[in-house]
Protein chains: 2
Amino acid sequence: MDEKITLTDCPDCVNFNLRKAMRAVSQHYDKILAPTKLRCTQFTILTILNRIGTVSVTELAEYLVMDRTTLTRNLKPLEKEGYLSIIPDVTDKRSRRIALTNKGKAAQEMAMPYWQQAQSEMVVFMGERNTKQLITCLQQLSTIHQFL
Amino acid sequence: MDEKITLTDCPDCVNFNLRKAMRAVSQHYDKILAPTKLRCTQFTILTILNRIGTVSVTELAEYLVMDRTTLTRNLKPLEKEGYLSIIPDVTDKRSRRIALTNKGKAAQEMAMPYWQQAQSEMVVFMGERNTKQLITCLQQLSTIHQFL
DNA sequence: TCCATCTATGTGTATATACACCATAATAAA
DNA sequence: TTTATTATGGTGTATATACACATAGATGGA
């Protein structure tokens, strides 16, 4: 009859389990991505830019549910490598538009097979059905700031 | 018939969705924990120590699926606040045993209601059934290094 | 027009994370 | 017992993350 306590018990902390799983999973992707000299977070940014094209810092940060200033710091090493071109917006002088360079596009495409390897191992490990369910759940979690 | 591509598509990257959700969820917990001056990661460590008692750095790091050296850095601010006592092991001179101090125990107990608030809002948002399913899934993810 | 406000971005600071490398102590092999 | 290996832990360096604060440009009302 004390079943209710389960989810208010600390080992059931959503945040704890999420961060712990994140560490395990990111370590997995990073290990496989190592030969590309790209970290998983960097590969993510390059891939998104390759997809959606030019964006402002604020737009991209909102999409990533990431603090603006965090993104600014994350862009630094990619910019230093010449993977990004950051150009001032013509209509709004405050805004800076981020886009992939050819070098960045090439790096993303070079890294793609490594990502696919890491991802497919994940799917095998979890099962395709569980993986889809998990992603749906995670996507809902990512919107929590809109409601709370 | 191209259904198979779904899970190898970048928006379905397990790592990307996991990190994005982690940011959203940790921001939620951190916002509610703010009055306690504890970050969610710090609350986690205090809570675990309150539970399992004295442990070595390596043991705790393994439990957290965290690099040893990361944990070393994470312990620093807690030690500075006097929440932890770190004493050398008697039998093994290399090892250091980490334990909560009374001050640390008090801080954990003071923060507990804030955590419960954050957690219960999470459960309401996700639904109890989904939350349990999610946690089961995350716990499995946390073990991937044992298999891959 | 002028000023108050809002918006886009960056810096300073602190913590979180992991890898490469180093030092020391315990343990096993020769 | 001596040496090689393994285990425990820390530092240096780099990236990831977010908050408080500062700056500059856009916007709207007086």
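Every chain is numbered from 1 and lettered A, B, ... according to where its sequence line falls, protein lines coming before strand lines. In this text, all values refer to a predicted model and were calculated from it rather than measured experimentally.
- The aromatic rings of W115(A) and F43(A) lie parallel to each other, with less than 30° between the two planes, well short of the 60° mark.
- When side chains are defined from C-beta on, M126(A) does not count as touching K132(A), because their heavy atoms never get closer than 4.5 Å.
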Which atom pairs link the protein and nucleotides 18-22 of chain C when you take only N or O atoms and keep those under 3.5 Å?
residue: dA18(C); atom: OP1; partner: Q27(A); partner atom: NE2; Å: 2.3
residue: dA18(C); atom: OP2; partner: D67(B); partner atom: N; Å: 3.1
residue: dA18(C); atom: OP2; partner: T70(B); partner atom: OG1; Å: 3.4
residue: dA18(C); atom: N7; partner: T70(B); partner atom: OG1; Å: 3.3
residue: dA18(C); atom: N6; partner: R73(B); partner atom: NH1; Å: 3.2
residue: dC19(C); atom: OP2; partner: D67(B); partner atom: OD2; Å: 3.4
residue: dC19(C); atom: N4; partner: T69(B); partner atom: OG1; Å: 2.8

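- Within residues 95-106 of chain B, the residues having any heavy atom closer than 4.0 Å to DNA chain D are, in order of number, S95(B), R96(B).
- In this structure, CD1 of I87(B) is placed 16 Å from C1' of dT8(D), rounded to the nearest angstrom.
- Taking atom CG of L60(B) as the reference point, atom C1' of dG9(D) lies 14 Å away to the nearest angstrom.
- Linking Ile, Leu, Val, Met, Phe, Trp and Tyr whenever their side-chain heavy atoms come within less than 4.5 Å leaves L33(A) and M110(A) in two separate clusters.
- Checking dT17(D), dT15(D), dT8(D) against the side-chain heavy atoms of D92(B) singles out dT8(D) as nearest.
- As rounded to whole Å, 14 Å separates atom P of dA16(C) from atom CD of E79(B).
- Between the CG atom of L18(A) and the P atom of dA16(C) there is a distance of 16 Å, given to the nearest Å.
- Proximity of N74(B) to the phosphate of dT15(C): no side-chain N or O atom is located under 4.0 Å from OP1 or OP2.
- Atom CG in L78(A) sits 8.0 Å away from atom OG1 in T41(A) (nearest 0.5 Å).
- Remark: T72(B) is not in phosphate contact with dG9(D), judged by side-chain N or O atoms under 4.0 Å from OP1 or OP2.
- In the interface, the side chain of R94(B) is not paired with the base of dA26(C) through any donor and acceptor atom under 3.5 Å apart.
- Atom CG of L38(A) and atom C1' of dA16(D) are 15 Å apart (whole Å).
- If you measure from atom CG of N15(A) to atom C1' of dA16(C), you get 13 Å, rounded to the nearest angstrom.
- Regarding contacts with the backbone of dG9(D), a side-chain N or O of T58(B) is found under 4.0 angstrom from either OP1 or OP2.
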Verdict with reasoning, T54(B) to I98(B), per side chain to side chain contact (heavy atoms under 4.5 Å, CB included): CA-CA 5 Å; T54(B) 306; I98(B) 312 161; 6.0 Å; no

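- Considering all non-hydrogen atoms of both residues, R23(A) and L64(B) come closest at NH2-O, 2.8 Å.
- Residue contacts for S56(A): at a heavy-atom cut-off of 4.0 Å it reaches the sugar-phosphate backbone alone, with no base atom in range.
- For the pair L78(A) CG and dA16(D) C1', the computed distance is 12 Å after rounding to whole Å.
- Of the candidate nucleotides dG25(D), dA16(D), dT15(C), dA16(D) has the atom lying nearest to any side-chain atom of R19(B).
- Here the straight-line distance linking atom CD1 of I86(B) with atom OG of S56(B) works out to 11.5 Å at 0.5 Å rounding.
- DNA chain D is contacted by both K93(A) and C40(A); C40(A) maps to the nucleotide lying nearer its 5′ end (nearest heavy atom per residue).
- Residue contacts for T91(A): at a heavy-atom cut-off of 4.0 Å it reaches the sugar-phosphate backbone alone, with no base atom in range.
- Linking ILVMFWY residues whenever their side-chain heavy atoms come closer than 4.5 Å, directly or via other members, places F147(A) and V14(A) in the same cluster.
- Two residues, V90(B) and M22(A), neighbour DNA chain C, and the one matched to the more 5' nucleotide by heavy-atom proximity is M22(A).
- Across the protein-nucleic acid pair, F16(A) atom CZ and dA16(C) atom P stand 15 Å apart, rounded to whole Å.
- Linking ILVMFWY residues whenever their side-chain heavy atoms come closer than 4.5 Å, directly or via other members, places L75(B) and I52(B) in the same cluster.
- Hydrophobic clustering (side-chain heavy atoms under 4.5 Å, transitive across Ile, Leu, Val, Met, Phe, Trp, Tyr) groups L138(A) together with M122(B).
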